[in-house]
Number of protein chains: 2
Amino acid sequence: MSLRHAILVLLQDQEASGYDLAREFANSIGLVWNATHQQIYLELGKLNDQNMVKFRHIPQDGKPDKKLYRITEEGRDELIRWLRKPAAPPRIRDAFMVKIAGGALSDSSSILRELDDQADLRRERLHTFEALAKKLDEQGRDKDLFTYLTLRRGILDQQAWLHWADEVKTALNKREILSTSV
Amino acid sequence: MSLRHAILVLLQDQEASGYDLAREFANSIGLVWNATHQQIYLELGKLNDQNMVKFRHIPQDGKPDKKLYRITEEGRDELIRWLRKPAAPPRIRDAFMVKIAGGALSDSSSILRELDDQADLRRERLHTFEALAKKLDEQGRDKDLFTYLTLRRGILDQQAWLHWADEVKTALNKREILSTSV
DNA sequence: ACTACTTATTCAACGGATTGCGCAGCAATA
DNA sequence: TATTGCTGCGCAATCCGTTGAATAAGTAGT
């Protein structure tokens with residue numbers, strides 16, 4: 001229910017087009033909430049219908065025209081109202097973990113292979129988050145404290161995941177050795 | 001796309017009714033995938049239409065009748081096929097984190113209040129997970145290794161979250177002091 | 001010259017998920 | 001006695017999200 005609110009948060013700082021927002025969802029906010037461009041354009045349409053945002057048409061040459069959206073008073077009110085009431089706990093839907101839970105059916109080797117792939121992804125994310133956090137830290141992080149804290153969340157999350165992956169590896173290896181030695 | 005597979009994983013070990021499954025989704029598997037009873041009954045219906053599961057009707061007295069589902073050959077094949085192909089990365093949708101990212105609008109006190117509420121929840125979960133993991137460990141965890149590893153994932157996740165919460169608290173307190181001393 | 005990518009928006013179809021409701025009887029508690 | 005809670009199943013409306021595609025013009029690379 002709160003793609004709308006994520007959008008309103010982004011529009012808080014600056015006027016932006018749907019395309020701009022889509023890029024931010026692929027980066028910064030994507031850490032915390034993700035959405036495709038189709039969803040974003042749709043939601044912007046609804047927000048506009050409800051007068052939470054308004055836009056102006058910007059003709060461009062060389063590039064297609066765009067619509068620059070900005071948040072309205074109503075939008076800001078709605079956002080503040082939403083911020084005040086407690087957030088619903090995130091619903092967890094992790095397909096890879098379902099595989100682990102049902103792991104007795106797979107063979108260890110295929111689990112380990114996928115684990116490594118996922119670990120590569122996580123490690124990559126970890127590095128980009130760390131680089132961004134470091135940059136913020138050098139600029140004095142108080143200015144963008146909340147961006148910094150969001151990044152920290154991402155960093156700790158990846159680290160915990162990678163740590164877990166190590167546990168899985170050692171557990172599966174130990175098991176492999178036991179079963180082959182019998 | 002894989003509520004169905006989570007259900008098949010559960011039906012792997014034992015015959016179960018929709019109600020039983022709903023309870024497991026609230027506990028064990030819920031750690032990793034959650035679903036309401038409506039979704040589960042609906043999905044069981046579809047799985048039955050596709051011959052992935054079959055059921056027998058159990059009349060009960062004192063309690064309403066129930067349908068005990070079990071997995072079929074086709075169901076097991078489908079599950080194995082699914083296990084073989086790589087899982088899509090989970091999409092992140094954390095409303096509370098959206099609030100943090102847009103935290104500049106809220107006052108620190110309301111953020112801290114909600115942070116504490118969430119932390120209570122996480123701490124509670126941590127304890128139940130730890131208790132379950134300990135129990136499994138004592139029974140020799142190799143039998144239920146994958147359940148154990150799933151629990152470990154939950155434990156590390158809660159710990160990382162709580163650690164992050166501490167960071168947020170100290171950061172916001174420091175900031176509070178700075179702003180009030182000026 | 002051809003391919004691929006970037007900027008920019010939108011539509012249509014489908015499937016997944018949520019919300020809300022309804023039925024039904026038993027057990028326990030206030 | 002009234003209310004709440006547990007066991008058990010299901011339907012319908014709506015909303016949210018995904019997939020796939022179309023359009024259009026510029027730029028960068030092989």
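Here is the naming used below: chain letters follow the sequence lines, and residue numbers restart at 1 for every chain. None of these values were measured; they are calculated from a predicted model.
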Practice problem: Indicate, with a heavy-atom threshold strictly under 4.0 Å, whether B/R93 touches base, sugar-phosphate, or nothing. | Solution: sugar-phosphate
Self-check item: D/dT19 OP1/OP2 closer than 4.0 Å to side-chain N/O of A/Q38
Solution: no
Quiz item: Would B/K46 and B/D49 pass as an ion pair if we require N to O under 4.0 Å?
Solution: no
Quiz item: Atom CZ of B/F55 and atom C1' of D/dG10: how far apart are they, to the nearest Å?
Solution: 13 Å
Quiz item: Does A/R4 put a side-chain nitrogen or oxygen below 4.0 Å from OP1 or OP2 of D/dC16?
Solution: no
Quiz item: What does B/Q60 touch in the nucleic acid at a heavy-atom separation under 4.0 angstrom: a base, only the sugar-phosphate, or nothing?
Solution: sugar-phosphate
Quiz item: Just how far, in rounded Å, is C1' of C/dG16 from NZ of B/K46?
Solution: 7 Å
Quiz item: Whole Å only: how far is the CG atom of B/L42 from the C1' atom of C/dT18?
Solution: 12 Å
Quiz prompt | Short side-chain N/O contact to D/dG10 OP1/OP2 from B/K67, under 4.0 Å | solution = yes
Quiz item: Quick one: do A/E138 and A/K135 make a salt bridge, cutoff under 4.0 Å?
Solution: no
Quiz prompt | Spacing of B/Y19 atom OH relative to D/dT7 atom P, expressed in whole Å | solution = 4 Å
Self-check item: Interatomic distance where CD belongs to A/E43 and C1' belongs to D/dC16 [whole Å]
Solution: 9 Å
Self-check item: Whole-Å distance separating the CG atom of B/D65 from the C1' atom of C/dC26
Solution: 14 Å
Quiz item: For B/W82, is the NZ or CZ atom of A/K99 found under 6.0 angstrom from the centre of its six-membered ring and inside 45 degrees of the ring axis?
Solution: yes
Quiz item: For the side chain of B/H37 and the base of D/dG8, is some donor closer than 3.5 Å to an acceptor across the two?
Solution: no
Practice problem: State whether the number of non-hydrogen atoms from other residues, nucleotides or ligands found under 6.0 Å of B/Q14 atom CD is greater than 12. | Solution: yes
Self-check item: Nucleotide D/dG8, atom C1' - distance to CZ of B/F25 in whole Å
Solution: 17 Å
Quiz item: Side-chain N or O of B/Y41 less than 4.0 angstrom from OP1 or OP2 on D/dG10?
Solution: no
Quiz item: Ion pair present between A/K169 and A/D116, side-chain N to carboxylate O less than 4.0 angstrom?
Solution: yes
Practice problem: Between C/dT18, D/dT18, D/dC9, spot the one nearest the side chain of A/T36, thanks. | Solution: D/dT18
Self-check item: Nucleotide C/dT18, atom P - distance to CZ of A/R91 in whole Å
Solution: 5 Å
Practice problem: Return the nearest nucleotide to the side chain of A/R23; candidates are C/dT7, C/dA17, D/dG8. | Solution: C/dT7
